[in-house]
Amino acid sequence: LQKTYESATSILKMSMPSSSTLQNAAGNWLMDIIKRSGNSAVEENIVARAPKSSLCVLCKGSRFLCGKARCPIMVKVNYYLKSVPLMASEDINGASPPSVFIGRIGYPYVYVGPLVPPIHEDTSLYDLPEQWFGRSIDEIVGFRSMLIRGKHRVHVEKFEQAGKIAEQTRELALAENSVDVELNLTKKPRGFIFMDDDVQPFGPSASIRDLRVGNARFDSRIEKAYYDTDLRATDAVLELYRRGVMVTKIQRAFSVGAFGVEKNRRLVPTRWSITAVDDIISKTLVEQVKTFPEISEYRVYESVYLDNVFEILMIPDAWSYESMEAWYPGTVWNPHGSSTLIFSDWEGGNGRTTYAQIGGCYYAARLAVCEQLVKERRQATVIVLREARPGYIMPVGVWQVRENVRNAMRQAPRLFKSLNEALQFISGRFEIPLQRWIMQSELLKKALFQKKLSDFFS
């Protein structure tokens with residue numbers, strides 16, 4: 001694999017075209033594929049873009065220069081070939097899951113709008129990650145590719161004055177089930193295929209000319225929080241979680257500024273709202289966990305999904321937490337490297353004061369492990385270890401981490417009498433040597449090499 005990377009990098013340096021030439025080559029390659037499909041409507045509505053360092057133009061989806069098991073570009077193209085013909089008009093009618101998207105580019109002026117598939121049936125599954133675990137990456141790309149994104153630019157603090165489109169987008173975000181939507185766009189929606197690993201799959205988009213949302217039945221629990229303009233946003237999130245509202249639905253309402261003291265309400269970009277809700281909930285769960293007795297054995301929980309291998313180690317000690325991610329060459333956060341990279345963040349009993357380097361995955365995994373500890377009324381030192389292997393060909397969202405760890409927590413753990421036994425088991429499940437994990441980990445080094453006062457009296 002390393003030789004493949006070195007060879008590909010060498011080829012890239014010798015033959016790297018100019019930026020404009022690269023864009024043309026990217027478009028020509030994909031357009032050739034699309035032309036062979038015989039669908040001119042698709043050709044008109046897809047734009048291909050490639051970053052300056054992309055190997056994709058040289059590879060053309062067949063030489064696997066990136067080291068992935070499959071070409072993510074070809075996966076996206078195949079679904080666009082199926083979905084774009086259904087979007088050949090400026091007028092889109094369909095049942096929104098319900099789903100909305102709040103962008104972050106240009107903040108505080110951002111694009112907001114509904115996500116609408118041109119389908120009249122129950123589409124709730126299209127934007128409900130809690131029910132996606134176990135589905136293939138192709139199915140997930142299929143869900144995303146069918147959601148047309150309408151865009152309307154507003155200021156995050158002036159949502160109330162932004163007019164009908166913004167108002168109906170908020171109504172849609174509060175809905176309990178699929179809602180019929182008429183989405184009139186200024187032009188036919190266009191799909192953008194970025195030859196870049198850091199871009200999640202998403203459907204075509206265009207600016208909104210008009211929007212009509214059918215009768216939306218609100219989730220009564222979310223509706224109550226929305227109309228309580230004296231309730232702080234944090235309290236609203238926690239109350240809804242305690243009452244059994246799915247995290248995804250809380251995040252959606254949070255993003256459209258549905259919670260908080262009235263004068264402080266504002267839009268929150270979708271990506272930020274996901275992490276904010278995971279953080280708010282897990283922080284509160286951590287405070288509960290710290291009041292419980294410690295577990296009495298070493299545990300290892302496991303989950304494998306989308307070629308992500310999770311091993312969650314629980315050590316009988318006071319609460320502390322670490323999340324570690326190892327990315328193989330050719331995966332999302334290590335696209336051009338020649339060796340595996342490991343990233344990590346941790347916190348002790350006093351929590352964190354800075355945003356985690358590994359981003360939203362840190363908070364999503366913390367939420368999942370805390371749910372299990374609260375359920376058992378126990379505390380532990382928890383280390384989440386993740387190997388992202390070449391089969392994880394494109395990012396699909398932070399939900400994947402949360403649901404993978406939740407799945408691990410649903411399984412019976414392996415129990416061990418010592419830390420060394422637990423680590424030997426983990427070593428047998430991973431391809432990366434155990435020493436690499438220990439060198440990177442703050443909590444593993446502490447558990448292995450730092451003596452406690454109790455050790456001197458045992």
Side-chain angles (χ1 to χ4, degrees), residues 72 75-76 79 96-104 115 117 123-147 149 173 197-203 222 237 240-241 244-256 268-282 285 301 303-310 312 323 325 327 331-333 356 358-372 384 386-389 391-411:
V75 173
K76 295 176 186 178
Y79 276 95
S96 180
S99 186
V100 302
F101 185 82
I102 313 297
R104 59 192 176 89
L115 298 174
T123 60
S124 57
L125 188 60
Y126 284 48
D127 194 27
L128 204 57
E130 281 89 343
Q131 295 183 12
W132 286 359
F133 187 87
R135 294 183 177 273
S136 70
I137 205 162
D138 297 75
E139 289 179 281
I140 295 162
V141 173
F143 293 150
R144 296 291 195 195
S145 299
M146 290 298 292
L147 294 173
R149 181 161 59 103
D197 286 340
D198 193 22
V199 179
Q200 293 187 38
F202 56 86
I222 295 177
V237 167
L240 290 170
Y241 176 76
V245 178
M246 286 186 181
V247 170
T248 294
K249 293 188 175 184
I250 299 174
Q251 292 166 343
R252 187 184 301 146
F254 189 95
S255 71
V256 295
V268 181
T270 297
R271 180 180 292 190
W272 302 353
S273 71
I274 291 170
T275 297
V277 170
D278 283 341
D279 184 37
I280 289 168
I281 296 172
S282 60
L285 295 181
Y301 296 83
S303 182
V304 181
Y305 175 51
L306 297 179
D307 216 21
N308 285 271
V309 181
F310 284 82
I312 295 94
S323 182
E325 298 184 343
W327 292 89
T331 48
V332 176
W333 298 116
I358 62 175
C361 297
Y362 179 91
Y363 306 96
R366 188 176 69 181
L367 170 60
V369 296
C370 284
E371 287 177 332
Q372 179 65 24
V384 176
R386 171 193 180 189
E387 268 193 4
R389 296 176 177 172
Y392 189 50
I393 61 174
M394 71 180 80
V396 295
V398 167
W399 68 268
Q400 176 269 129
V401 173
R402 183 174 58 250
E403 298 309 316
N404 237 321
V405 178
R406 277 177 167 174
N407 178 64
M409 296 297 103
R410 289 192 290 266
Q411 315 305 316

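Counting from 1, the numbers follow the sequence of the chain as shown.
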Just how far is it from atom OH of Tyr362 to atom OG of Ser323, taken to the nearest 0.5 Å? 7.5 Å

Close side-chain approach of Arg135 to Val396, heavy-atom, < 4.5 Å: no

If we ignore hydrogens and angles and just use 3.5 Å, is the side chain of Trp132 paired with the main-chain N or O of Asp127 as donor and acceptor? no

How many angstroms lie between CG in Leu128 and CZ in Phe143, if you round to the nearest 0.5 Å? 10.0 Å

Closest non-hydrogen contact found for Tyr363 with Ser282 is O-OG, 4.1 Å

Side chains of Val384 and Cys361, heavy atoms from C-beta outward: is any pair under 4.5 Å? no

Backbone N/O of Val277 and side chain of Tyr241: donor-acceptor pair under 3.5 Å: no

If you compare all heavy atoms of Val398 against all heavy atoms of Ala364, which two are closest, and at what distance to 0.1 Å? CG1-CB, 3.4 Å

List the steps, then state whether side-chain contact (heavy atoms from CB on, under 4.5 Å) holds for Trp327 with Arg386. CA-CA 8 Å; Trp327 292 89; Arg386 171 193 180 189; 3.5 Å; yes

Is there a side-chain contact between Phe310 and Val401, using heavy atoms and a 4.5 Å cut-off? yes

Heavy-atom closest pair, residues Thr270 and Ser255: CA-CB, 4.5 Å

Which atom names give the shortest non-hydrogen contact between Ile274 and Gln251, and what distance separates them? O-NE2, 3.2 Å

Given the options Val247, Ile280, Val245, Val237 meets side chain to side chain contact (heavy atoms under 4.5 Å, CB included) only with Ile280

Inter-residue atom distance Ile222.CD1 - Lys249.NZ, 0.5 Å rounding: 7.0 Å

Any chance you could measure Leu306, atom CG, to Ile393, atom CD1, to the nearest 0.5 Å? 9.5 Å

Rounded distance (nearest 0.5 Å) linking atom CG of Asp278 with atom CZ of Arg366: 9.0 Å

We want to know whether Gln411 and Asn407 form a side-chain donor-acceptor pair, criterion being a heavy-atom distance below 3.5 angstrom. yes

How about Ser99 and Tyr126: do any of their side-chain heavy atoms sit closer than 4.5 Å? no

So do the side chains of Val75 and Asp138 get within less than 4.5 Å of each other, counting heavy atoms only? yes

Give the minimum heavy-atom separation between Val268 and Ser273, together with the two atoms involved. CG1-N, 3.7 Å

Please tell me if the side chains of Gln400 and Tyr392 come closer than 4.5 Å, counting only heavy atoms from C-beta onward. yes

Approximate separation, where rounding is to 0.5 Å, of Arg406 CZ and Met409 CE: 12.0 Å

Closest approach of Arg252 to Ala173 (non-hydrogen atoms, all atoms of both residues): CD-O, 3.6 Å

Tell me if a side-chain donor or acceptor on Ser303 pairs with a main-chain N or O of Asn404 at a distance below 3.5 Å. yes

Mind checking whether Thr248 and Arg402 have side chains closer than 4.5 Å, heavy atoms only? yes

